[in-house]
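This chain uses plain numbering: 1 for the first residue, then up along the sequence. Both ligands and their constituent atoms are indexed starting at 1 by order of listing.
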Amino acid sequence: MGIKVAKFGGTSVADAKQFMKVKAIVQSDEQRCYVVPSAPGRRFSGDEKVTDMLYLCHQQVQNSIPFEQTFDAISERYREIVRELGLTLELESHLSEIRQRIAEGASADYVASRGEYLNGLILAEYLNYDFIDAKDVIRFDENGRYDEELTNEILSERLKKHKRAVIPGFYGSMPDGATKTFSRGGSDITGAIVARAAQAEVYENWTDVSGFMVADPRIVKDTKPIKQITYRELRELSYMGATVLHDEAVFPVRKAGIPIHIKNTNAPEHPGTKIISEPNLSEIRPGSITGIAGKKDFTVIAIYKNRMNSEIGFVRRMLSVLEENRISFEHLPSGIDTVCIVIETSQLNGKLDKVVQGIREACEPDTIDIYPNMALIATVGYGMAYTPGVAARIFTALYKENINIRMIDQGSSEINIIVGIENDVFEKAVQAIYNAFAEFLE
Ligand code: ASP
């Protein structure tokens with residue numbers, strides 16, 4: 001029987017009612033042997049996340065402001081969960097130890113990690129699973145970098161001793177024993193690490209949405225969900241702004257060839273989205289797309305020089321200007337005599353004039369045009385590779401809406417076509433592209 005690792009996000013473990021749903025989910029499938037919880041998230045809009053409150057406690061101590069009131073509010077949230085679930089867990093001793101350490105000026109990482117730690121203890125008792133403290137099994141090196149191989153060794157050995165266990169997300173420890181957290185949202189990473197170490201059949205990531213949507217539901221009201229997506233497609237989409245999973249969460253399981261299944265704790269019967277390694281070619285409809293994502297606020301620097309194609313070192317000189325100004329670029333579409341640099345506007349940070357001047361001196365181009373306020377939209381999918389007509393469908397849809405395309409970039413992978421348009425027609429363009437492919441979507 002294969003093992004399933006189930007990670008539950010903050011809203012899935014925000015209060016006792018949500019814990020009950022988690023228990024029902026875990027118990028409905030005995031393959032769900034390892035469970036990774038986040039700290040309690042928001043119970044309603046406007047509510048506070050426990051992790052944010054913990055960081056606040058830390059800051060208050062740093063600034064010599066009383067933190068007790070904030071800590072009391074955190075304690076109450078846990079007390080309420082334990083009480084309403086009817087558990088016998090001796091919570092008070094944990095709370096007073098944590099309170100004490102915060103008062104003594106414990107590190108931000110230690111303080112923040114307690115959100116997951118306490119939730120892990122509670123969930124372990126509630127499910128009647130063993131508790132494995134993440135500090136013993138998730139390791140960082142002396143520079144604070146996650147130590148993948150050491151962790152995998154320690155954790156896989158440890159899991160052999162526990163048939164069923166809860167491992168809190170988000171943190172681990174440094175060689176000197178100090179607590180260290182991943183970046184925000186990092187419980188997703190812990191879930192992926194546990195899945196790899198357990199050689200799980202699937203990594204289930206339970207959250208409060210039913211997986212990925214073909215387009216942002218704030219823009220396309222009736223967007224269809226994505227049932228299946230490959231890691232590569234997901235990477236393209238999340239890079240362009242679609243978010244459900246922590247970026248780094250993908251790597252450990254991808255490497256191990258373990259699929260991720262995004263599921264909704266509040267609608268467990270919904271099929272969710274499966275993220276797989278290789279496209280299932282027999283199931284892909286030629287000409288169909290998997291998703292659309294995009295971002296606003298790019299600046300395009302378009303450089304034209306006659307016979308640029310035969311000038312050796314042109315692009316290198318141009319890029320060295322960016323390097324000198326410590327600016328990274330996103331895309332570099334080029335033609336015979338033109339090249340465009342696409343940069344996130346926030347990166348430029350008042351340096352645009354300096355960059356343009358630098359390129360003038362280094363490359364002596366005929367013209368340089370600047371297009372500020374650009375948005376990029378990526379249309380992604382294996383269905384478009386080797387299928388004629390997909391690009392035409394995108395361009396026709398935009399043309400019909402009278403949207404001017406300023407830039408086109410098709411990645412060499414052929415699973416991604418990016419168009420650059422003005423910021424103010426972004427939403428209209430996403431809707432138009434979606435409509436153009438709606439007939440393919442189930
Ligand atoms: N609790 C942490 C955060 O809010 C980690 C997580 O939930 O994944 O960032």
Side-chain angles (χ1 to χ4, degrees), residues 5-15 18-19 21-22 25 34-59 70-71 73-75 77-78 81 94-95 98 102 106-124 131-135 137-138 140 144 146 151 166-173 179-196 203-209 211-212 238 242-253 260-266 275:
V5 169
K7 179 257 166 179
F8 290 89
T11 53
S12 302
V13 284
D15 59 18
Q18 293 300 87
F19 267 75
K21 292 182 192 170
V22 167
I25 290 166
Y34 300 116
V35 179
V36 176
S38 282
R42 293 193 182 89
R43 296 160 292 184
F44 43 84
S45 84
D47 192 20
E48 283 189 281
K49 294 172 70 165
V50 163
T51 309
D52 290 335
M53 294 158 87
L54 286 164
Y55 278 121
L56 180 61
C57 284
H58 172 74
Q59 266 175 11
T70 317
F71 192 77
I74 297 169
S75 305
R77 287 202 52 179
Y78 286 107
I81 295 173
H94 293 287
L95 290 174
I98 296 166
I102 296 176
S107 71
D109 281 24
Y110 168 82
V111 179
S113 75
R114 297 303 88 185
E116 270 72 9
Y117 173 76
L118 290 171
N119 245 7
L121 288 173
I122 297 171
L123 189 58
F131 174 78
I132 300 178
D133 192 344
K135 87 172 180 356
V137 288
I138 307 276
F140 293 80
Y146 168 57
T151 299
V166 171
I167 304 107
F170 192 40
Y171 70 94
S173 64
T179 302
K180 169 93 187 117
T181 63
F182 291 108
S183 56
R184 293 300 305 267
S187 295
D188 279 344
I189 308 175
T190 310
I193 292 169
V194 174
R196 180 185 168 205
Y203 167 30
E204 293 181 334
N205 193 290
W206 291 84
T207 174
D208 53 9
V209 292
F212 291 99
S238 41
T243 48
V244 172
L245 261 187
H246 194 295
D247 272 356
E248 291 164 60
V250 165
F251 295 114
V253 273
I260 304 180
H261 197 170
I262 313 270
K263 294 274 289 173
N264 190 346
T265 303
N266 304 319
I275 309 166

Answer yes or no for R196 and Y203: cation-pi contact, defined as NZ/CZ to six-membered ring centre under 6.0 Å and angle to ring axis within 45°. no

Is the side chain of D47 donor-acceptor paired with the backbone N or O of R43 at a distance under 3.5 Å, no angle test? yes

Main-chain N/O of L118 paired to H94 side chain as donor or acceptor, under 3.5 Å: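 No; zero donor-acceptor contacts below 3.5 Å.
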
Considering the heavy atoms of [X], write down every atom of ligand 1 situated less than 4.0 Å from one of them.
X	value
S38	6 (C), 7 (O), 8 (O)
K49	4 (O)
R184	3 (C), 4 (O), 9 (O)

Under 6.0 Å between the ring centres of F140 and F182? yes

Of all protein heavy atoms, the one nearest atom 5 (C) of ligand 1 is E116 OE2, 3.4 Å

List the closest protein heavy-atom neighbour of atom 6 (C) of ligand 1: residue, atom name, distance to the nearest 0.1 Å.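 Checking every protein heavy atom, the shortest distance to atom 6 (C) of ligand 1 gives S187 OG, 3.4 Å.
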
Start with the C-alpha distance between R114 and D109, add both sets of side-chain angles, then the distance that settles salt bridge (charged side-chain N to carboxylate O under 4.0 Å, His left out), and finish with yes or no. CA-CA 9 Å; R114 297 303 88 185; D109 281 24; over 6 Å; no

So, 4.0 Å and heavy atoms of G185: is ligand 1 close enough to count as a contact? yes

Close approach of G115 to ligand 1, heavy atoms, under 4.0 angstrom: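 No.
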
Would you say the side-chain atoms of K21 and N266 include a donor-acceptor pair closer than 3.5 Å? yes

